[in-house]
*Asks:* 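Pasting a structure below so you can have a look.
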Amino acid sequence: MKITIISDIHDHVENLQKALTLEALQQTDVLLCCGDLCSPFMIKLLAQGYSRPIHTVLGNNDGDLAAFIQISRAFPHFHMHGEYFRDDVDGLTLAMNHYPEKARALAQTQKYDVVCYGHNHTLSTDEAFGHSLCINPGTLMGFHGGNLGKTPATFLILDTGTLKTAVFTL
């Protein structure tokens, strides 16, 4: 099974649309979003562009919760979670949160095979705590902030059989 992992779109419609047109992304089985879609209209773009199950957690820039809930109801395959997502997928225990420190705390318990997070816009594919892999797909927006400025827009595809990630740069 293959899982697309994205984060920190920050209303960057063009990069989201580029990612959604990639055959590799469209051939995955589920999509996880680690937060910071930002505006509620991004739910519609994401759900219309990807027809398989989508799970997203809220980020620090996802403010209009009522609109997020209302729009997500129109798409049965779009699942809005609060701060955390936890599930078993293809024999793996997965957890997702927006924040690195909370994700690392989850991974350190070693109750999960894979923990995904976003927030800091920093791609990370090889951080592990015992058997728990802790990964950050970077930012789909393609901007780091602070003194670092523009960085590549990235996302990941995780192979659940091998726990290997493929990084995609837009």
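Remember, predicted model here, so these are calculated numbers, not experimental data.
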*Asks:* Enumerate the residue pairs fulfilling ring pair (Phe, Tyr, Trp, His ring centres under 6.0 Å) with a member in residues 10-31, sequence neighbours excluded, ordered by first and then second residue.
*Replies:*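 Of all non-adjacent pairs touching residues 10-31, those that pass ring pair (Phe, Tyr, Trp, His ring centres under 6.0 Å) are H10-H121.
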
*Asks:* List for me each residue that meets side chain to side chain donor-acceptor pair (under 3.5 Å) alongside D29, sequence neighbours excluded, and say none if there are none.
*Replies:* none

*Asks:* Kindly state each residue pair satisfying salt bridge (Lys or Arg N to Asp or Glu O under 4.0 Å) with at least one member in residues 100-125, sequence neighbours excluded.
*Replies:*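 Found E83-K102, R104-E127.
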
*Asks:* Only counting residues at least two apart or in another chain, list the ones meeting salt bridge (charged side-chain N to carboxylate O under 4.0 Å, His left out) with R52.
*Replies:*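 R52 satisfies salt bridge (charged side-chain N to carboxylate O under 4.0 Å, His left out) with no residue once adjacent residues are dropped.
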
*Asks:* Could you grab the distance from atom NE2 of H77 to atom OG of S72, nearest 0.5 Å is fine?
*Replies:*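 Answer for the NE2-OG pair, H77 versus S72, is 11.0 Å.
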
*Asks:* Only counting residues at least two apart or in another chain, list the ones meeting side-chain contact (heavy atoms from CB on, under 4.5 Å) with A103.
*Replies:* V115, Y117, C134

*Asks:* Considering only residues two or more places apart or on different chains, which pairs with a residue in residues 61-70 satisfy side chain to side chain donor-acceptor pair (under 3.5 Å)?
*Replies:* D36-N61

*Asks:* Which atom names give the shortest non-hydrogen contact between G118 and S7, and what distance separates them?
*Replies:* CA-OG, 3.3 Å

*Asks:* Check the angle between the aromatic planes of H79 and H81 and answer parallel, tilted or perpendicular using the 30° and 60° thresholds.
*Replies:*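 Rings of H79 and H81: tilted, 30 to 60°.
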
*Asks:* May I ask you to list the residues sharing a hydrophobic cluster with Y99, side-chain cutoff 4.5 Å, ordered by chain and number?
*Replies:* none

*Asks:* What pairs with D159 under salt bridge (charged side-chain N to carboxylate O under 4.0 Å, His left out), at least two apart in sequence or on another chain?
*Replies:* K2

*Asks:* Residues two or more places apart in sequence or in another chain: which of them pass side-chain contact (heavy atoms from CB on, under 4.5 Å) with L65?
*Replies:* L58, I69

*Asks:* Checking S132 now: which residues fulfil side-chain contact (heavy atoms from CB on, under 4.5 Å) with it, not counting sequence neighbours?
*Replies:*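 Once residues adjacent in sequence are excluded, the partners of S132 under the side-chain contact (heavy atoms from CB on, under 4.5 Å) criterion are A107, Q110.
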
*Asks:* By side chain to side chain donor-acceptor pair (under 3.5 Å), which residues pair with Q26, not counting sequence neighbours?
*Replies:* none

*Asks:* Is it true that a side-chain atom of D8 and a backbone atom of H119 form a donor plus acceptor pair closer than 3.5 Å?
*Replies:*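 Yes, D8 side chain to H119 backbone: donor-acceptor pair under 3.5 Å.
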
*Asks:* Write out all pairs satisfying ring pair (Phe, Tyr, Trp, His ring centres under 6.0 Å) with one or both partners inside residues 22-43, taking only residues at least two apart or from two chains.
*Replies:*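 Residue pairs passing ring pair (Phe, Tyr, Trp, His ring centres under 6.0 Å), neighbours aside: none found.
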
*Asks:* Do L32 and I157 sit in the same hydrophobic cluster, where Ile, Leu, Val, Met, Phe, Trp and Tyr count as joined when their side-chain heavy atoms come under 4.5 Å apart?
*Replies:* no

